[in-house]
Amino acid sequence: MKRILSVIMTAALIISAAACSAAKDTGKVVLATGGTSGTYYAVGGVLQTVLGPLLPKMNITVESTGASVANVNMITDGEAQMAILQSDVLTYAHEGINSFDGKPEKKALWVAGIYNETVQILAKPGINCVSDLKGKTVCVGDVGSGTEINAWQILSAAGIGKNDIKAVNGSFQDGVDQLRDGKIDAAFTVAGAPTTAIVEYAASNELNLVSLTDKELSLIQDAYPFLIRDDLPKGTYTGQDKDVVCVAVQATLAAADSLSEDAVYEFTKKMFENKDSLLKAHAKFGSLDAGKAALSGLVPLHPGAEKYYKEIGVIK
């Protein structure tokens with residue numbers, strides 16, 4: 001009788017575990033992105049539109065957020081299961097530095113690097129280099145965002161401290177609106193280019209994107225080697241008649257460690273198998289490459305993504 005009860009209890013536990021696993025994969029998967037005028041939100045929408053029908057059990061829902069740092073926190077708090085965020089911010093979270101000073105957050109795991117995110121500085125005419133921002137009013141991005149971190153990295157490398165400018169916080173759209181209204185002198189945007197907020201600004205305003213000087217570029221890359229050179233080719237925006245020297249980080253897709261291996265494996269697999277469809281909907285997917293996407297640096301790969309990359313032979 002005891003053996004029968006033991007078998008029944010074991011079977012019940014197996015069924016319960018399977019049900020829990022299934023529940024994880026059939027519940028709503030919130031994909032945290034960024035502001036509605038930024039590239040994260042657009043790219044997230046394409047992932048939902050193209051991959052959602054192919055992954056009905058995941059029930060993918062895109063949510064507009066405060067971007068990178070907020071997205072890490074949302075995964076940590078269980079409010080999101082996937083996110084698009086800056087590669088450097090994800091690294092800061094795992095190391096417990098910058099916005100995560102002394103409090104490492106390691107629940108967000110690497111799925112794929114998708115494309116470069118260019119640090120773009122939109123400014124009033126007459127501001128031609130980073131050093132010209134001294135004494136000016138500058139929107140450095142949302143509070144605690146990856147944009148704010150990158151803004152201060154670039155400013156500090158150019159010798160501009162927090163007392164040397166009047167810094168204001170806001171989204172990409174806030175920065176563009178305030179610049180248009182004459183309330184600020186410049187605004188930082190860290191996003192895939194062309195970025196919606198800047199496209200709209202350029203359509204009806206004189207465009208001035210600040211190009212880094214050779215000295216500024218050298219100082220920035222010496223201090224922050226992860227900020228790679230990523231110039232904006234002329235014609236990226238209306239009124240842009242020359243290349244603009246910039247630096248960039250990488251836009252990264254992350255998933256919560258609680259999201260099952262099977263779910264993330266299927267998502268990763270479908271994403272690469274349907275690259276052509278994704279590219280038709282958004283040009284940034286043209287940068288999607290499995291070999292580069294798997295290079296997670298100091299951040300662990302999600303087991304589901306790791307399984308896929310091993311399956312296709314890009315990692316061992």
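Numbers here simply count residues along the sequence, with the first being 1.
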Backbone N/O of Leu288 and side chain of Lys275: donor-acceptor pair under 3.5 Å: yes
Gly38 to Thr195 - nearest heavy-atom pair and separation: CA-CG2, 4.4 Å
Contact check, side chains of Asn150 and Gln86, non-hydrogen atoms, under 4.5 Å: yes
Worked check of side-chain contact (heavy atoms from CB on, under 4.5 Å) between Met58 and Glu266: CA-CA 10 Å; Met58 291 186 71; Glu266 289 297 332; 5.7 Å; no
Any Leu227 side-chain heavy atom under 4.5 Å of Val249 side chain: yes
Ala255 to Val264 - nearest heavy-atom pair and separation: CB-CG2, 4.0 Å
Partners passing side-chain contact (heavy atoms from CB on, under 4.5 Å) against Ala112 (at least two apart in sequence or in another chain): Met271, Ala293, Tyr309
side-chain contact (heavy atoms from CB on, under 4.5 Å) partners of Thr49, counting only residues at least two apart: none
Side chains of Ser171 and Thr36 in contact at under 4.5 Å (non-hydrogen atoms): no
Evaluation steps, side-chain contact (heavy atoms from CB on, under 4.5 Å), between Thr252 and Val299: CA-CA 11 Å; Thr252 301; Val299 180; over 6 Å; no
Qualifying salt bridge (charged side-chain N to carboxylate O under 4.0 Å, His left out) pairs, either residue in residues 300-313, two or more places apart: Glu306-Lys310
Pairwise side-chain contact, Tyr40 with Leu31, heavy-atom cut-off 4.5 Å (strictly under): no
hydrophobic_cluster_shared for Val190 and Ile220, side chain cutoff 4.5 Å: yes
Value rounded to 0.5 Å, distance of CD in Gln250 from CG in Leu295: 8.0 Å
Within-4.5 Å side-chain heavy-atom neighbours: Val119 and Ile154: yes
Contact check, side chains of Val69 and Phe100, non-hydrogen atoms, under 4.5 Å: yes
Trace of the side-chain contact (heavy atoms from CB on, under 4.5 Å) decision for Thr189 with Thr147: CA-CA 6 Å; Thr189 296; Thr147 296; 5.9 Å; no
Heavy-atom side-chain contact between Val43 and Phe285 under 4.5 Å: yes
Same apolar cluster (I L V M F W Y, side chains within < 4.5 Å links), Ile160/Phe188: yes
Residues in side-chain contact (heavy atoms from CB on, under 4.5 Å) contact with Lys183, at least two apart in sequence or another chain: Gln178, Asp181
Donor-acceptor pair, side chain of Ser218 and main chain of Lys215, under 3.5 angstrom: no
Cluster overlap Val210 with Tyr224, hydrophobic side-chain contacts below 4.5 Å: yes
Of all pairs that satisfy salt bridge (charged side-chain N to carboxylate O under 4.0 Å, His left out), the ones with a partner from residues 165-180, not counting sequence neighbours: Asp177-Arg180
Stepwise side-chain contact (heavy atoms from CB on, under 4.5 Å) check, Ile312 with Phe272: CA-CA 11 Å; Ile312 63 172; Phe272 283 100; 5.9 Å; no
Val30 side chain near Glu79 side chain, heavy-atom distance below 4.5 Å: no
Test item: Glu216 side-chain N/O and Val130 main-chain N/O as donor-acceptor pair under 3.5 Å: yes
Those residues that, when tested against Lys107, pass side-chain contact (heavy atoms from CB on, under 4.5 Å) (two or more places apart): Ile75, Asp257
Acceptor/donor pairs from residues 90-98 side chains to any protein atom, 3.5 angstrom cut, sequence neighbours excluded:
| from | atom 1 | to | atom 2 | distance (Å) |
| --- | --- | --- | --- | --- |
| Thr91 | OG1 | Ser87 | O | 3.0 |
| Tyr92 | OH | Asp88 | OD2 | 3.2 |
| Tyr92 | OH | Gln153 | NE2 | 2.8 |
| His94 | NE2 | Ala108 | O | 2.7 |

Gly161 backbone acceptor or donor facing Ser156 side chain under 3.5 Å: no
Enclosure of Asn163 CG (heavy-atom neighbours >12, cutoff 6.0 Å): no
Contacts of Thr268 that satisfy side chain to side chain donor-acceptor pair (under 3.5 Å) - sequence neighbours left out: none
Least distance between heavy atoms, Ser37 atom then Gln173 atom: CB-OE1, 3.3 Å
Nearest atoms (heavy-atom pairs only) where Leu54 meets Asn274: CD1-ND2, 3.4 Å
Over 12 foreign heavy atoms within 6.0 Å of CG, Asp214: no
Nearest heavy atoms of Ala32 and Ala80, plus distance in Å: CB-CB, 4.0 Å
Main-chain N/O of Pro233 paired with Gln240 side-chain donor or acceptor, under 3.5 Å: yes
Residue pair Ser68 / Gly146: nearest heavy atoms and the distance that separates them: CB-N, 4.1 Å
Sidechain-backbone polar pair: Asp243 side chain, Lys234 backbone, donor-acceptor under 3.5 Å: yes
Distance (rounded to the nearest 0.5 Å) between Lys242 NZ and Ser211 OG: 7.0 Å
Remaining members of the apolar cluster that contains Val176, side-chain heavy atoms under 4.5 Å: Leu122, Val168, Leu179, Ile184, Ile198, Val199, Tyr201, Leu207, Leu209, Leu232, Tyr237, Val244
Side-chain donor/acceptor of Glu148 to backbone N/O of Asn169, under 3.5 Å: no
Interatomic distance, Ile84 atom CD1 to Thr39 atom OG1 [nearest 0.5 angstrom]: 9.5 Å
Where at least one partner belongs to residues 283-303, residue pairs that pass side chain to side chain donor-acceptor pair (under 3.5 Å), sequence neighbours excluded: none
same_hphob_cluster(Ile149, Phe226) at 4.5 Å side-chain heavy-atom cutoff: yes
Non-neighbouring partners of Lys124 that pass side chain to side chain donor-acceptor pair (under 3.5 Å), sequence neighbours left out: Asp185
Distance (rounded to the nearest 0.5 Å) between Thr118 OG1 and Ile228 CD1: 8.5 Å
Shared hydrophobic cluster, Tyr115 / Val247 (ILVMFWY, side-chain heavy atoms < 4.5 Å): yes
CD-CG distance between Glu63 and Asn71, expressed to the nearest 0.5 angstrom: 9.0 Å
Summary of salt bridge (charged side-chain N to carboxylate O under 4.0 Å, His left out) pairs that have at least one residue in residues 127-146, sequence neighbours excluded: none
Distance (rounded to the nearest 0.5 Å) between Asn116 CG and Cys246 SG: 11.5 Å
